Amino acid sequence: MNLNQEALNNLYLELGDTSKLNVISPIDPLISKDATPEELIRVGMDPRYVGFTPKHFLNMNLFPYQMAILHELWIKRLPMLLATRGGSKTTMLAITTILKALFLQGSKIVVAGAGLRQSGLVFESMENIWKNAPILQDICGSNNGPKRSVLGLRWDIGDSKIIGIPIGTDEKIRGLRANIIIVDEFASVNPDIFEVVIRGFAAVQSQNTFEKVRQEYIKRALKETIGSESIEEAFSTKGNQIILAGTASYQFNHFYKYYQDYVRIISSSSDLGVNPDDYAVI
């Protein structure tokens, strides 16, 4: 590829003529010519290189703004994603769900929507990613993609489980447990059901004592093989994660109140009794 063609291919980055830039990739020194799986996993789990993982594991190229969204969804415990129609919100939720399940083995992820159709949109996006990601298929098994049935939506990735549910009137979803909860189109979700039932999914630790011990041994082993810094970054969302997402609604809708609360907490410097670093509004 000549430099002129390189510059043309990189115009979407809005950096001007990139052929004139002398930039050394920070990833290059981390990966040897004959990269081992451990090297690839170490880089793949590092939030600083969020563009690397979708490209090489999911066969997806992301725009810079999408990488910024993915970074916040990975490291923040309580992020809120507000996006216009066509803003790739569903795609970003799907990517986040897959990567969390893949790299943080043992995760239990619930994708909830006001109806099964809404949570199904995230699953549909995951299905599309799956169909076009040969490396992901090789890791999981070519016949082990997202499953749809009369009972709902489900995808098991190793020891991780992804479940898609309709919130509805809440009778069928009580008792579920998860350590990652994604609520799509939050403006359409009954706020009382969210506070009493959905948030309750994460109120109790989803792993029993045996699972906690097993996960601790896994983390120790990974620290020895791929580095403690990468592991601490990967497990940086300490505690259960809840992602609220949707298109902005009217100011009298409960979504706007949650938005105001998040902004107030982020600006509070911990004087509200919660950790502002847990929160993000995208």
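Everything numeric here is computed off the predicted structure, so don't read it as measured data.
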To the nearest 0.5 Å, how far apart are [atom1] in [X] and [atom2] in [Y]?
| X | Y | atom1 | atom2 | answer |
| --- | --- | --- | --- | --- |
| Leu73 | Met92 | CG | CE | 6.5 Å |
| Thr96 | Ile182 | OG1 | CD1 | 6.5 Å |
| Leu102 | Ile157 | CG | CD1 | 6.0 Å |
| Gln137 | Asn143 | CD | CG | 9.5 Å |
| Ile95 | Thr90 | CD1 | OG1 | 11.0 Å |
| Ser107 | Asn240 | OG | CG | 10.0 Å |

Shortest non-hydrogen contact between [X] and [Y], atoms and distance:
| X | Y | value |
| --- | --- | --- |
| Met67 | Val50 | O-CG2, 3.4 Å |
| Pro54 | Leu70 | CG-CD2, 3.8 Å |
| Tyr12 | Pro64 | CE1-CD, 4.3 Å |
| Met126 | Ala94 | CG-CB, 3.6 Å |
| Gly120 | Arg148 | O-NH2, 3.2 Å |
| Lys76 | Ala280 | CG-CB, 3.7 Å |

Could you go through the side-chain contact (heavy atoms from CB on, under 4.5 Å) check for Tyr262 and Leu82 one step at a time? CA-CA 12 Å; Tyr262 273 47; Leu82 281 164; over 6 Å; no
Say whether, by atom type as modelled, one donor and one acceptor occur between the side chain of [X] and the main chain of [Y] under 3.5 angstrom.
| X | Y | value |
| --- | --- | --- |
| Lys89 | Thr84 | no |
| Ser268 | Ile265 | yes |
| Lys147 | Gly145 | yes |
| Gln241 | Ile180 | no |
| Asn59 | Ile135 | no |
| Asn253 | Ala187 | yes |

Are [X] and [Y] packed together at the side-chain level, in the sense that at least one heavy-atom pair is separated by less than 4.5 angstrom?
| X | Y | answer |
| --- | --- | --- |
| Phe57 | Ile98 | no |
| Trp155 | Thr97 | no |
| Phe186 | Ser249 | no |
| Glu185 | Leu121 | no |
| Asp46 | Val43 | no |
| Thr53 | Trp74 | no |
| Ile162 | Phe123 | yes |
| Phe63 | Ser88 | no |

Is atom OH of Tyr259 surrounded by more than 12 heavy atoms (other residues, nucleotides or ligands) closer than 6.0 Å? no
Using a 6.0 Å cut-off, check whether atom OH of Tyr65 has over 12 heavy atoms from anything other than its own residue. yes
side-chain contact (heavy atoms from CB on, under 4.5 Å) between Leu93 and Val111, intermediate numbers included: CA-CA 9 Å; Leu93 294 178; Val111 180; over 6 Å; no
Using the rule given for side-chain contact (heavy atoms from CB on, under 4.5 Å), can you reason through Leu99 versus Leu58, listing the C-alpha separation, both sets of side-chain angles and the distance that settles it, and then say yes or no? CA-CA 9 Å; Leu99 295 183; Leu58 307 184; 4.0 Å; yes
Give a yes or no on whether a salt bridge exists between Lys257 and Asp261, defined as a side-chain N under 4.0 angstrom from a carboxylate O. yes
Exercise: do Lys55 and Asn61 side chains pair donor with acceptor under 3.5 Å: yes
Could you verify whether a donor N or O on one side chain and an acceptor N or O on the other, from Glu124 and Asn128, lie under 3.5 Å apart? no
Could you give me the CA-CA distance, side-chain angles and deciding distance for Ile165 and Val110, then say whether side-chain contact (heavy atoms from CB on, under 4.5 Å) is met? CA-CA 7 Å; Ile165 62 168; Val110 167; 3.6 Å; yes
same_hphob_cluster(Phe252, Val263) at 4.5 Å side-chain heavy-atom cutoff: no
Would you say Tyr250 and Phe194 are hydrophobically clustered, going by side-chain heavy atoms of ILVMFWY under 4.5 Å? no
